[in-house]
Amino acid sequence: MLKKKSKINFVTIFALIILAVVILMVIFPSLFTSYDPLEVNMEKKLLNPCSEHILGTDEYGRDIFCRIVYGARSSVSVGLGTALLSALLGVPLGLIAGYYGGVIDNIIMRIMDAFQSFPSILLAILLSTIFETSVFSLILTISAVSFPRFAKLVRGNVLTIKKQDYVLAAKVAGVSKPYILFNTILRNCMSVVVVQFSMLTATAILIEAGMSFLGLGLKPPAPAWGSMLFYANKYINSNISYILSPTFTIFLVVLSINLLGDALRDLLDPKKKN
């Protein structure tokens, strides 16, 4: 049992370190590189990793490591922004639907079903062709297909929690419904919300990378991990680090977010504390 606990702690610490580095990249990119992510130098195009360019350069002579560092800003912004907006939309709807039930529940859930009836990536692509591409529009686009997950998960938990003795006691004591919803019930749904938040953050980063790979994300020459993968495809034989660098970065960030989400779930879930 002790070995298992230390292993979990080590994995969590690893995830925290990776995410702390990524957040520093987002806030203070100049701490990691002195290059300009948009600076073109055709004399140094497609260089392999060297002391001057630790991950090499792309087809325009731009430093790959520099573009990964600056690309973190858009990817992390889309991931966290999508998860936050989806939670703000989905959690209250799930609370209301589960608590009040009846006609209100049916109406909210049918609306959620309508949003989920479209394939997520296809609807995201459709919306991205309508709106001008930016970090904000990507957040809106991915949130539109993601917030029903929060609503349905929270609703399912509320249906169970509202039957608990402490909720019934609060009703008998005359506690207001908003207080019961957003304090008593929501507090006991937090483990589910936290895990879904982390999963959606990771999923949104993957969707943003996929859309950028398809040319529907941030437009070049803006640094984006997905678009780097698209252009690196053509030069896989010239500079293998060009395609491996953004691929490994996406993998490592998504893995770390999921590991941290699992750790937070175990920390917040009352059943795990016994």
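- A centroid separation of less than 6.0 Å is found between the aromatic rings of F115 and F147.
- Distance check, rounded to the nearest 0.5 Å: CD1 of I257 to OG1 of T201 gives 6.0 Å.
- The aromatic rings of F230 and F213 sit perpendicular to each other, their planes meeting at more than 60°, with 30° as the lower class boundary.
- When every heavy atom of P223 is checked against every heavy atom of L38, the shortest pair comes out as CD-CD2, 4.3 Å.
- In this structure, R62 contributes its side chain and V40 its backbone to no donor-acceptor pair below 3.5 Å.
- Put simply, CG on L186 and OH on Y99 are 13.5 Å apart, with the number rounded to the nearest 0.5 Å.
- With S86 contributing its side chain and A83 its backbone, the two residues share no donor-acceptor pair below 3.5 Å.
- Of the inter-residue distances, the one linking L244 atom CG with T249 atom OG1 reads 10.0 Å to the nearest 0.5 angstrom.
- Atom CG of L206 and atom CH2 of W225 lie 10.5 Å apart (nearest 0.5 Å).
- Remark: side-chain polar atoms of S75 are not paired, donor with acceptor, to backbone N or O of I205 under 3.5 angstrom.
- To the nearest 0.5 Å, atom OG of residue S212 and atom OH of residue Y231 are 10.5 Å apart.
- Looking only at distances, no side-chain donor or acceptor of S146 sits under 3.5 Å from a matching main-chain atom of S143.
- When atom types are taken as modelled, the side chain of R67 and the backbone of P37 share a donor-acceptor pair closer than 3.5 angstrom.
- Contact detail for S137 and S134: the closest heavy-atom pair is OG-N, 2.7 Å.
- Under the 3.5 Å distance criterion, the side-chain polar atoms of D58 are left unmatched by any main-chain donor or acceptor of I64.
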Side chain to side chain contact (heavy atoms under 4.5 Å, CB included), that's the test. Do I185 and I180 meet it? Break it down for me. CA-CA 6 Å; I185 295 179; I180 294 175; 4.0 Å; yes
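- Between the side chain of T57 and the backbone N or O of K44, at least one donor-acceptor pair lies under 3.5 Å.
- We find that D113 and K152 are joined by a salt bridge, their nearest charged nitrogen and carboxylate oxygen being less than 4.0 Å apart.
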